[in-house]
Peer 1: 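Below you'll find the structure I mean.
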Amino acid sequence: MAEAAAVTQTKAHGFVRGLGLLDSTMIVAGSMIGSGIFIVSGGISKQVGSPGWLLVVWIVTGLLTVVGALSYGELAAMMPKAGGQYVYLREAFSPMWGFLYGWTLFLVIQTGTIAAVSVGFARYLGVLVPRISESRYIIEPKHVFGSYAVSLSYAQLIGILLIALLTFMNTRGLKLGKLVQNTFTTAKLAALFGLILLGVLIGSRSGALSANFSNLWHVRGSLDDFGGGLTAATAFGLFVGICVAQTGSLFSADAWNNITFTAGEVKEPKRNIPLSLAFGTLIVIALYLLANVAYLATLPFEKIQGADRVATDTMNAVFPGKGPIVMAVAIMISTFGCNNGLILAGARAYYAMARDGLFFKRSGELNHRHVPGWGLVIQGIWAALLVLPRTVKYDAAGTITGYGSLYGNLLDYVISAALIFYILTIAGIFRLRQTRPDAERPYKAFGYPVIPGLYIIGAAVILIVLFIYQTATTWPGLIIVLTGIPAYFIWKKIGTAMGDEGSISEAAAKAEGEY
């Protein structure tokens, strides 16, 4: 009788530990690769002005990303709990610091990225189905106040439907979510690898390879002005350009930390989370660097500068006239898999907050499939709402020239905020070494204290430059974070902590027929 009761108790509670090392690595890599790597190098090239410095920007991003991931491994092995980075900040500093991260994650970082990636999927679907466009409306833009409007275009509708589809699929359990993730991440890795091979082997016949690499460091072409005439043509301007360029490259390589949110569902988390962080980031960063080599092998640098779709231009050089279609399919695969990983992982962070009484209570409950169903739904609703607002663009005469997307502005604002939380989290390693010296650490941060310390210094330098030279996008991001302070005290007053539910084995879940 007691045994039957125990089975009933187990059946009702807990995440399913169903993510192996391969699954976890696929979440890391799949969440990182969206559409950014196919686009942002055009803008970066205008900021730094030469092929060599373009590669340096990606090398800096790679070093920051891999070092960050290797450092997070210590925290992940030490505290293998659902919520990941939220838990690390809570334990290293205070519940408020954890909440500020989770609040920003929900408000903009995770949901804004989901919105952006979903509309990115729709834009490239529009290459195949021209009717799907951001300028073809079901509901014309309605101006609500100032420079803001609300609309529903066919592209926005597809984006919202994609969010709804992936949210629903992930409410059906971890097994389906990881199947989608593994399938689409494998496909996108193959597509990115194919782009690299074609660019290097076929695209290099264009003569761009010799022109770009024989003049690797010469700054030329159209350059961005960072204010007061400062450009990459001067040594200091080049330094500023490398730092500012991290906004695009770091965003393209972000979300590797999402695997930490799912720690309650990883098998042998003390081993597999650190390993998946290392393997996933190393694979993606290597492919990102090689992708930029492929761009430089195929296109003259002046054509890369300012290109909106540099990967499409590369494929068009390889397959004249067919490049847009080939890349549209590749990017649709990439964005679909990326959004699945973001949606799957994000809800686990809100789950941990709710269990602490610091978020909507229903977000802290698991459904009969052992996933935070309501957390997924709440995340999906907010992400879908972020798809709707538009920013209004005017010319000098006050005439409307077009519409942007609010989530695009919000994501620009929080890049610096996300960097602050990365710095704080790695600083948490140093703090926990002091406050909990005897805690079990199955894995220790690579090169501690030197390598994590260098990460903090390097990221802080980039952050300072962004706050000085990108004021329009950095200070609003800090304000978004600070709105979490009153929200924290409100939730602390009205919320009720529920404690940790723990996890059950994959075998137990299969035996119940609920996996």
Side-chain angles (χ1 to χ4, degrees), residues 32 57 60-76 78-79 83-105 107-110 113 239-240 242-261 277 281 285 349 411-435 444-471 473-482 484-485:
M32 291 175 71
V57 167
V60 171
T61 293
L63 289 172
L64 286 171
T65 301
V66 173
V67 169
L70 293 176
S71 299
Y72 269 49
E74 174 170 326
L75 298 170
M78 183 180 172
M79 294 173 280
Q85 189 167 348
Y86 160 77
V87 175
Y88 311 155
L89 289 165
R90 180 192 72 192
E91 297 300 312
F93 298 104
S94 72
M96 187 177 78
W97 282 107
F99 177 84
L100 289 178
Y101 173 69
W103 170 260
T104 311
L105 189 78
L107 207 62
V108 181
I109 296 175
Q110 200 80 355
T113 304
F239 168 74
V240 171
I242 291 171
C243 293
V244 170
Q246 295 302 312
T247 301
S249 55
L250 279 174
F251 178 72
S252 300
D254 201 15
W256 50 267
N257 61 329
N258 275 216
I259 186 60
T260 69
F261 303 155
L277 283 166
T281 53
I285 292 303
L411 288 173
D412 286 341
Y413 296 159
V414 299
I415 291 299
S416 56
L419 203 54
I420 291 172
F421 287 117
Y422 281 133
I423 292 170
L424 281 173
T425 304
I426 292 179
I429 297 172
F430 291 84
R431 180 168 173 78
L432 288 168
R433 289 279 185 113
Q434 297 297 317
T435 59
K444 294 187 177 181
F446 175 76
Y448 178 89
V450 176
I451 301 300
L454 288 174
Y455 176 96
I456 292 172
I457 293 170
V461 168
I462 292 170
L463 195 60
I464 291 168
V465 171
L466 289 176
F467 270 102
I468 294 173
Y469 290 97
Q470 298 284 289
T471 55
T473 56
T474 49
W475 290 102
L478 186 59
I479 292 171
I480 290 173
V481 175
L482 294 177
I485 294 177

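All values reported here derive from a predicted model rather than from experimental measurement. Only heavy atoms go into these numbers, but all of them, side chains included; no hydrogens, no water, no symmetry mates.
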Peer 1: Rounded to the nearest 0.5 Å, what's the gap from CG on L466 to OG1 on T473? Could you check?
Peer 2: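 Rounded to the nearest 0.5 Å, the CG-OG1 separation comes out at 7.0 Å.
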
Peer 1: Ignoring hydrogens, what is the shortest heavy-atom contact between S71 and A445? Give both atom names and the distance.
Peer 2: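 Heavy atoms of S71 and A445 come nearest at CA-CB, 4.0 Å.
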
Peer 1: Taking side chain as C-beta onward, heavy atoms only, is N257 less than 4.5 Å from L277?
Peer 2: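 With C-beta onward as the side chain, the pair stays apart.
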
Peer 1: Can you name the closest pair of heavy atoms from C243 and V465 and give their distance?
Peer 2: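 Minimum heavy-atom separation between C243 and V465: CB-CG1, 3.6 Å.
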
Peer 1: Does a side chain donor of either S416 or T474 reach within less than 3.5 Å of an acceptor in the other side chain?
Peer 2: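 No donor-acceptor contact under 3.5 Å links the two side chains.
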
Peer 1: Under a 4.5 Å cut-off applied to non-hydrogen side-chain atoms, are Y86 and L105 in contact?
Peer 2: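 Not touching, per the 4.5 Å side-chain cut-off.
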
Peer 1: Is there a side-chain contact between W475 and L478, using heavy atoms and a 4.5 Å cut-off?
Peer 2: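 Touching, per the 4.5 Å side-chain cut-off.
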
Peer 1: Please say whether the positively charged group of R90, taken as NZ for Lys or CZ for Arg, lies over the ring of F99, i.e. under 6.0 angstrom from the six-membered ring centre and within 45 degrees of the axis.
Peer 2: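 Checked: cation-pi criterion not met.
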
Peer 1: Looking only at heavy atoms, what is the nearest atom pair of T65 and A253, with distance?
Peer 2: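 Shortest heavy-atom contact: OG1-CB, 3.9 Å.
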
Peer 1: Donor-acceptor pairs are to be reported for all side-chain atoms of residues 424-431 against protein atoms at under 3.5 Å, with residues two or more places apart or in another chain.
Peer 2:
{"residue": "T425", "atom": "OG1", "partner": "Y72", "partner atom": "OH", "Å": "3.4"}
{"residue": "T425", "atom": "OG1", "partner": "Q85", "partner atom": "NE2", "Å": "3.0"}
{"residue": "T425", "atom": "OG1", "partner": "F421", "partner atom": "O", "Å": "2.7"}
{"residue": "R431", "atom": "NE", "partner": "A92", "partner atom": "O", "Å": "2.4"}

Peer 1: Got a sec, which residues hit ring-ring contact (aromatic ring centres under 6.0 Å, His included) with Y88, two or more places apart in sequence or on another chain?
Peer 2: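 Listed in chain order: nothing, the list is empty.
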
Peer 1: A side-chain contact here means heavy atoms from C-beta on lying under 4.5 Å apart; do V67 and L454 qualify?
Peer 2: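 No; the side chains remain at least 4.5 Å from each other.
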
Peer 1: If you measure from CD1 on I451 to CG on L63, what distance do you get to the nearest 0.5 Å?
Peer 2: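 One finds 9.5 Å between CD1 of I451 and CG of L63.
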
Peer 1: Quick check: do M79 and L432 have side-chain heavy atoms less than 4.5 Å from each other?
Peer 2: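 Side chain of M79 against side chain of L432, heavy atoms only: contact under 4.5 Å found.
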
Peer 1: Less than 4.5 Å apart, any side-chain heavy atom of I480 and any of V108?
Peer 2: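 With C-beta onward as the side chain, the pair touches.
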
Peer 1: May I ask you to test the V461-F239 pair for a side-chain heavy-atom distance under 4.5 Å?
Peer 2: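 Side chain of V461 against side chain of F239, heavy atoms only: contact under 4.5 Å found.
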
Peer 1: Do Q470 and T247 have side-chain N/O donor and acceptor atoms under 3.5 Å apart?
Peer 2: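 No, because no side-chain N or O of Q470 sits under 3.5 Å from a partner of the opposite role on T247.
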
Peer 1: Determine whether more than 12 heavy atoms belonging to other residues, nucleotides or ligands lie under 6.0 Å from atom CZ of F467.
Peer 2: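 Counting neighbours around CZ of F467, more than 12 heavy atoms of other residues, nucleotides or ligands fall under 6.0 Å, so yes.
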
Peer 1: Show the nearest heavy-atom pair for residues I423 and A460, with the distance to one decimal.
Peer 2: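 Looking at all heavy atoms of both residues, the shortest contact is CD1-N, 3.7 Å.
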
Peer 1: Counting N and O atoms only, with roles assigned by atom type, does the side chain of T471 sit under 3.5 Å from a partner on the main chain of I468, one being a donor and the other an acceptor?
Peer 2: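 The answer is no, because no donor-acceptor pair under 3.5 Å joins these two groups.
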
Peer 1: Carefully, step by step, assess L100 and I485 under the rule side-chain contact (heavy atoms from CB on, under 4.5 Å).
Peer 2: CA-CA 7 Å; L100 289 178; I485 294 177; 4.0 Å; yes

Peer 1: Which distance, rounded to the nearest 0.5 Å, do you find between the CD1 of I285 and the CE of M32?
Peer 2: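 Here the rounded value is 4.5 Å.
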
Peer 1: Step through it carefully: locate the ring centre of Y422, locate the ring centre of W256, and say whether they are under 6.0 Å apart.
Peer 2: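 So the answer is yes for these two rings.
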
Peer 1: Check whether any side-chain N or O of E74 sits under 3.5 Å from a backbone N or O of K444 as a donor-acceptor pair, and report yes or no.
Peer 2: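 No; zero donor-acceptor contacts below 3.5 Å.
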
Peer 1: Got V481 and I420 here, is their nearest side-chain heavy-atom distance under 4.5 Å?
Peer 2: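 Result no, sub-4.5 Å side-chain heavy-atom pair not found.
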
